[in-house]
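Notes follow once the structure below has been shown.
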Amino acid sequence: MIRVNENYFKLQASYLFSEIAKRVSDFQAAHADKDIIKLGIGDVTRALPRACIDALHKAVDEMGHDRTFRGYGPEQGYLFLREKIAAADFQARGADVSADEIFISDGTKCDSSNIQEIFDAGIKIAIPDPVYPVYLDASVMAGRTGKFQNGRFEGICYMASNRENNFIPDLPAEPVDLIYLCFPNNPTGATISRELLQSWVDYARENKAVILYDAAYEAFIQDDGVPRSIYEIPNAREVAIEFRSFSKTAGFTGTRCAYTVVPKNCVAFDGEGTRHALHPLWNRRHCTKFNGVSYPVQRAAEAVYSDEGAVQVKELVGYYLKNAALIRQEITGLGLDCIGGQNSPYVWIDGKMDSWDFFDLLLNRAGVVCTPGSGFGKCGHGYIRISAFNSFENVRRAMARIRETLT
Ligand code: MLT
């Protein structure tokens with residue numbers, strides 16, 4: 001008898017952003033004349049940088065001639081892109097990462113969940129709360145958790161991020177094996193200092209753990225003191241895998257390109273306690289199960305590192321950060337506490353009411369879509385997240401409507 005993967009029945013009914021999309025489309029169907037401004041899911045709205053578009057066109061033309069046509073590319077990604085990434089994103093900042101430690105992929109969502117496959121089924125996973133839902137849902141689907149009870153899955157070590165710890169989780173009180181960290185954080189927008197990140201690397205080394213470091217929002221960091229990569233921290237290479245994405249950096253949410261760094265000396269252990277490098281395991285997985293990112297898209301991503309591309313990307317990020325600054329200013333003006341929006345496109349707001357009630361209030365009265373904080377975990381109760389990804393004009397209109405609704 002064919003059996004289903006019953007772990008799926010433990011999940012919440014639908015993925016957070018699908019649930020929000022459904023509620024918004026139901027609302028739109030019932031109020032066809034209502035103008036809705038979406039500041040919910042972090043999806044970019046501005047065009048790709050000119051340099052990326054030019055590179056994309058050129059690469060598409062190459063595909064139209066036998067002489068320059070490309071079939072399957074290297075599974076790990078083209079060297080022209082991996083070399084640029086290694087030099088600009090890591091070596092230029094003193095982080096020791098080489099091109100052959102980089103795997104090009106189609107997204108951090110996939111990589112940060114698929115990476116679990118190279119670890120034993122019995123490991124203990126530590127996940128921040130609130131959290132980007134993918135890390136948790138992927139753990140549940142893989143059967144790494146027990147039941148969902150009182151807002152929590154059994155078997156997971158939840159790491160609370162709240163006002164008391166400035167939204168940076170404390171080191172786990174129990175031994176854990178695999179630790180998800182995300183900075184600048186989604187959903188809170190919090191950043192981590194070099195000193196605190198060092199304490200996580202030290203913890204991982206002492207406890208023979210591995211950190212999965214999601215740095216998808218790194219491009220939004222404005223403070224020079226804030227680390228952009230975990231590999232800026234001494235010895236992090238032994239214990240950390242880092243995920244990066246062109247989605248928010250360069251507007252690639254619909255174009256798809258990201259990468260994962262697995263340092264050659266990052267290790268895990270077998271049942272006898274023997275060390276094993278993770279790089280060959282991820283390489284094996286990637287070659288077997290991933291089809292690669294298309295040649296034109298990798299050329300477009302490469303253009304991010306050209307002189308003009310770098311200027312255009314900076315301008316793009318700056319545009320969204322200006323939106324975030326306005327959101328912060330308006331929210332603070334309403335007397336509400338918030339964090340984020342300075343080194344991140346997300347503003348995390350203490351709404352002082354149930355998150356879904358706040359979501360409904362903003363949707364029904366202001367015609368503005370936000371993300372309810374409780375969708376990111378128990379510690380998100382009472383919060384909402386507002387995303388800066390929209391036009392400045394729409395953000396200005398949305399904040400004026402929110403002001404009117406709340407005063
Ligand atoms: C978010 O809104 O949290 C992100 O857009 C989700 C994602 O990047 O998958």
Side-chain angles (χ1 to χ4, degrees), residues 73-79 81-87 89-91 93-108 110-127 135 138-139 142 144 172 175-182 197-216 227-245 258-293:
E75 287 113 335
Q76 300 80 1
Y78 284 100
L79 212 48
L81 176 57
R82 298 159 79 208
E83 278 174 348
K84 299 270 178 4
I85 292 170
D89 289 352
F90 298 101
Q91 292 158 10
R93 301 193 57 83
D96 175 20
V97 169
S98 59
D100 60 359
E101 295 175 315
I102 294 166
F103 294 85
I104 306 299
S105 78
D106 62 346
T108 291
C110 328
D111 284 0
S112 65
S113 43
N114 291 333
I115 196 84
Q116 288 192 11
E117 278 188 32
I118 66 170
F119 298 101
D120 184 73
I123 56 165
K124 182 89 177 177
I125 303 186
I127 293 187
Y135 317 150
S139 309
R144 294 175 183 278
V176 298
D177 306 303
L178 191 65
I179 302 157
Y180 277 97
L181 292 179
C182 171
L197 194 51
Q198 179 75 64
S199 71
W200 278 99
V201 169
D202 294 345
Y203 173 93
R205 293 181 76 221
E206 277 155 29
N207 291 277
K208 295 193 163 77
V210 164
I211 297 170
L212 299 177
Y213 194 73
D214 182 350
R228 286 166 174 257
S229 164
I230 195 165
Y231 305 121
E232 290 175 35
I233 307 300
N235 304 317
R237 285 177 49 88
E238 297 162 28
V239 291
I241 290 171
E242 182 166 309
F243 306 99
R244 294 268 191 109
S245 171
Y259 65 86
T260 289
V261 182
V262 187
K264 295 256 177 84
N265 58 338
C266 183
V267 297
F269 301 83
D270 65 19
E272 267 79 57
T274 306
R275 301 157 80 87
H276 294 273
L278 293 173
H279 187 279
L281 301 190
W282 184 243
N283 188 53
R284 185 72 171 82
R285 197 265 172 211
H286 205 68
C287 295
T288 306
K289 295 195 179 181
F290 184 62
N291 274 318
V293 173

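Atom-to-atom distance recorded for I115:CD1 and H286:NE2 is 10.0 Å, nearest 0.5 angstrom. Remark: N235 CG to R205 CZ distance equals 3.5 Å, nearest 0.5 Å. Once rounded to the nearest 0.5 Å, the distance linking CG of N265 with CG of D96 reads 8.0 Å. Residue Y78 holds its OH atom at 12.0 Å from CD of Q76, rounded to the nearest 0.5 Å. Going from atom CD1 of I233 over to atom OH of Y213 covers 7.5 Å, rounded to the nearest 0.5 Å. Atom CD1 of residue I123 and atom CG of residue L178 lie 4.5 Å apart, to the nearest 0.5 angstrom.
Closest heavy-atom contact between Q198 and P234: OE1-CD, 3.2 Å. For the residue pair E117 and R285, the shortest heavy atom distance occurs at OE2-NH2, 3.3 Å. Of all heavy-atom pairs between D120 and R144, the closest is O-NH1, 2.8 Å. The two atoms that bring R228 and R93 nearest to each other are CD-CZ, 3.1 Å, heavy atoms only. Taking both residues in full, the closest heavy atoms of V176 and A209 are given as O-CB, 3.6 Å, listed atom of the first, atom of the second, then distance. In this structure, L79 and A99 approach most closely via the heavy-atom pair CD1-CB, 4.2 Å.
Counting non-hydrogen atoms of other residues, nucleotides and ligands closer than 6.0 Å to NZ of K208 gives a total of 12 or fewer. Surrounding CG of N291 are at most 12 heavy atoms belonging to other residues, nucleotides or ligands under 6.0 Å away.
Looking only at side-chain heavy atoms (C-beta outward), F119 and L278 come within less than 4.5 Å of each other. I211 has its side chain out of reach of Y203: every pair of non-hydrogen atoms, C-beta onward, lies at least 4.5 Å apart. The side-chain heavy atoms of E238 and P263, taken from C-beta on, include no pair separated by under 4.5 Å. Counting heavy atoms from C-beta on, the side chains of L81 and Y259 never come closer than 4.5 Å. Within the 4.5 Å cutoff, side-chain heavy atoms of I230 are placed close to those of L197. Annotation: side chain of Q91 is not in contact with side chain of Y231 (no heavy-atom distance under 4.5 Å). Between R244 and F90, some side-chain heavy-atom pair lies under the 4.5 Å cut-off. Using a 4.5 Å cut-off on side-chain heavy atoms (C-beta onward), S139 and Q116 make contact.
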query = Could you go step by step and tell me if K264 and D100 meet the side chain to side chain contact (heavy atoms under 4.5 Å, CB included) rule?
reply = CA-CA 9 Å; K264 295 256 177 84; D100 60 359; 2.7 Å; yes
ask   = How far apart are the C-alpha atoms of D106 and F290, what are their side-chain angles, what is the distance that settles it, and do they pass the side chain to side chain contact (heavy atoms under 4.5 Å, CB included) test?
value = CA-CA 9 Å; D106 62 346; F290 184 62; 3.6 Å; yes
query = When you look at I241 and W282, which way does the side chain to side chain contact (heavy atoms under 4.5 Å, CB included) test go after all the steps?
reply = CA-CA 11 Å; I241 290 171; W282 184 243; over 6 Å; no
key: Intermediate values then yes/no, side chain to side chain contact (heavy atoms under 4.5 Å, CB included), R82 and S98   = CA-CA 8 Å; R82 298 159 79 208; S98 59; over 6 Å; no
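With hydrogens and angles ignored, the 3.5 Å screen pairs no side-chain donor or acceptor of T274 with any backbone N or O of D270. Panel note: side chain N114, backbone C110; a donor-acceptor pair is recorded below 3.5 Å.
Side-chain polar atoms of D111 and S105 form a donor-acceptor pair below 3.5 angstrom.
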